[in-house]
Amino acid sequence: MSSGTIGRMLVGIQGQAGSFHEHVAKQWYGDTAEIAYFTSFANLFDAYEAGDIDAVVAAVENTLYGSINDVYQLVERCSAPIIGEVKLPITHNLIARPGAKLGDITEIYSQIMALSQCHDTVRTLLPMAEMVEYFDTAAAVEYVKSLDSPHAAAIASEQAAHLHGMTILRAGVQDDPTNITRFLILEDRATDPMANRASLVITTSHKPGALAEVLAVFANAGINLVKLQSQPIPGKPFEYKFFIVVDAAGNTLRSLVAAIEKSDHQVTLLGEYVAA
C-alpha cells in the first residue's frame with residue numbers, strides 16, 4: 001500500500017489529532033502528510049467538493065457496529081473515485097484524568113460508533129455510568145480533560161490518551177478483540193494498475209427478481225461478492241439501490257457491468273483499487 005510522493009497534498013478526515021482516522025491517513029500518505037480535520041463526514045466531503053482538500057479518508061464500516069450509512073451516500077455523491085481501502089484493527093481504551101479511579105466514573109464520552117463497539121464491556125465495568133455521544137473519539141479525550149473531573153472518562157485510542165496527557169483506566173474495552181474498521185481513500189488520480197477490487201452502486205429495475213438477476217452475473221463469472229449494502233432511493237418509497245464490493249477490476253469488471261446494464265439496471269462505478 002503506497003501513495004507515492006504527496007508534496008503539499010492536504011488530506012481531509014473526520015475527527016481530530018489522535019483519532020483513528022488520522023492514524024489511517026498517516027498510514028496511507030505517510031507521517032508527514034498534512035491533515036485537515038472536520039467535525040462531521042458531511043463537512044469533510046463538502047470541503048473536497050469545494051476544492052479545499054485534495055483527498056478524503058473516511059470510515060465506512062466496522063465489524064461490530066456495521067455500516068456507516070451516511071458515508072455510503074457521501075461516497076456516491078463525491079466526485080473523487082475510491083482509490084484504496086484500509087482495514088484497521090481498533091483497540092478502544094477507557095481514558096480519564098490522572099488520579100481518577102475506575103469506580104468513580106459516572107459519565108463516558110465518545111463517538112457513537114465507539115460507544116456501540118464497547119457497550120457490553122462498559123456496562124459490565126460501570127453499569128450505572130451514562131454513555132454520552134461526542135463527535136469524535138480523540139476530541140472526547142480533549143473534552144474530558146477540560147472538565148477536570150474525576151467522574152468523567154472517554155473512549156479513544158492510546159495515542160489520544162498520550163497526546164492529551166491522560167491516563168488509561170482500562171485498555172481494550174471493545175466488546176470483541178477482532179474489532180476492525182474499514183476505511184476508504186478517495187482521491188482524483190488514476191486507478192492503480194494492480195487493482196483487483198471495485199465498489200459499485202447498482203440501481204435495479206423495479207421488477208421481481210431484479211437483484212437476483214444482478215447477483216447471478218457475478219456468480220456465473222465466478223466473481224466473489226465482498227459486500228452488499230442496500231440504501232433507500234430518495235423520492236421512491238421502499239425502492240432501493242445497492243452498494244456492492246466485488247473482487248474484480250479492469251476489463252473483467254467492465255464486461256460484467258455491460259452485462260448488467262443490458263438487463264436495464266443502472267450501474268455507477270465508485271472506484272477500482274487494491275484490496276486491503
Side-chain angles (χ1 to χ4, degrees), residues 10-29 33-48 52-53 55-75 86-97 105 107-119 121-122 129-149 152-175 179-186:
L10 184 59
V11 182
I13 66 167
Q14 187 276 323
Q16 291 190 358
S19 66
F20 295 105
H21 273 94
E22 184 190 56
H23 179 95
V24 171
K26 291 187 175 183
Q27 179 179 324
W28 186 271
Y29 287 102
E34 188 174 357
I35 309 294
Y37 305 94
F38 297 89
T39 57
S40 72
F41 286 113
N43 290 341
L44 166 62
F45 280 85
D46 284 347
Y48 181 85
D52 297 332
I53 56 176
V56 169
V57 174
V60 71
E61 62 182 312
N62 173 267
T63 52
L64 298 182
Y65 179 83
S67 298
I68 307 172
N69 292 328
D70 291 350
V71 176
Y72 277 96
Q73 298 172 18
L74 292 166
V75 168
V86 174
K87 294 178 180 176
L88 182 70
I90 302 294
T91 299
H92 287 302
N93 304 280
L94 189 64
I95 298 165
R97 75 172 197 177
I105 301 300
E107 51 194 34
I108 301 168
Y109 298 83
S110 197
Q111 189 190 52
I112 184 63
M113 289 174 285
L115 293 175
S116 175
Q117 292 163 33
C118 303
H119 179 272
T121 301
V122 170
E130 180 183 6
M131 301 176 77
V132 184
E133 182 179 349
Y134 208 72
F135 75 90
D136 177 59
T137 54
V141 176
E142 183 180 45
Y143 177 66
V144 166
K145 181 178 181 178
S146 73
L147 294 176
D148 194 27
S149 167
I155 291 174
S157 68
E158 180 180 0
Q159 182 182 1
H162 293 328
L163 180 66
H164 294 291
M166 300 286 271
T167 297
I168 295 176
L169 294 180
R170 184 65 60 91
V173 292
Q174 65 276 5
D175 292 338
N179 184 31
I180 300 170
T181 296
R182 177 172 173 257
F183 296 80
L184 297 179
I185 317 297
L186 296 92

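Numbering starts at 1 and runs along the sequence shown. Heavy atoms only: backbone and side chains are in, while hydrogens, waters and symmetry mates are out.
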message = Looking at Cys118, is its backbone amide N or carbonyl O close enough to the side chain of Gln174 to form a donor-acceptor pair, meaning the two atoms are under 3.5 Å apart?
response = no

query = What do the steps show when you test Arg97 against Asp148 for side chain to side chain contact (heavy atoms under 4.5 Å, CB included), and what is the final call?
reply = CA-CA 7 Å; Arg97 75 172 197 177; Asp148 194 27; 3.0 Å; yes

Side-chain atoms of residues 158-168: list all donor-acceptor pairs with protein atoms under 3.5 Å, sequence neighbours left out, distances to 0.1 Å.
residue	atom	partner	partner atom	Å
Glu158	OE2	His162	NE2	3.2

message = Would you say the rings of Phe20 and His92 are close, in the sense that their centroids are separated by under 6.0 Å?
response = yes

ask   = Tell me, do Phe135 and Gln16 make a side-chain contact under 4.5 Å, heavy atoms counted?
value = yes

Point-to-point distance, once rounded to the nearest 0.5 Å, from CD1 of Ile112 to CE of Met131 = 8.0 Å

From Thr39 atom OG1 to Gln14 atom CD, the distance as rounded to the nearest 0.5 Å = 7.5 Å

inquiry  = Using side chain to side chain contact (heavy atoms under 4.5 Å, CB included), reason through Val75 and Leu184 one step at a time and then give a plain yes or no.
reply    = CA-CA 9 Å; Val75 168; Leu184 297 179; 4.2 Å; yes

query = Would you say Val144 and Ile95 make side-chain contact, with heavy atoms under 4.5 Å?
reply = no

message = Test side chain to side chain contact (heavy atoms under 4.5 Å, CB included) on Glu107 and Leu147; report intermediate values, then the result.
response = CA-CA 11 Å; Glu107 51 194 34; Leu147 294 176; 4.1 Å; yes

query = Parallel, tilted or perpendicular: which fits the ring planes of Tyr134 and Tyr109, with parallel below 30° and perpendicular above 60°?
reply = perpendicular

inquiry  = Are Phe38 and His21, when compared by the centres of their aromatic rings, separated by less than 6.0 Å?
reply    = no

key: Residue among Ile90, Thr137, Ile68 satisfying side-chain contact (heavy atoms from CB on, under 4.5 Å) with Met113   = Ile68

query = Do Asn179 and Gln117 meet the criterion of a side-chain donor-acceptor pair at a distance under 3.5 Å?
reply = yes

task = Run the numbers on Tyr29 and Ile185 for side chain to side chain contact (heavy atoms under 4.5 Å, CB included), then give the verdict.
result = CA-CA 10 Å; Tyr29 287 102; Ile185 317 297; 3.3 Å; yes

remark   = dist Asn62:CG -> Arg182:CZ (nearest 0.5 Å) comes out at 12.5 Å

Nearest-0.5 Å distance, CG of residue Asp46 to CD1 of residue Ile53 = 9.5 Å

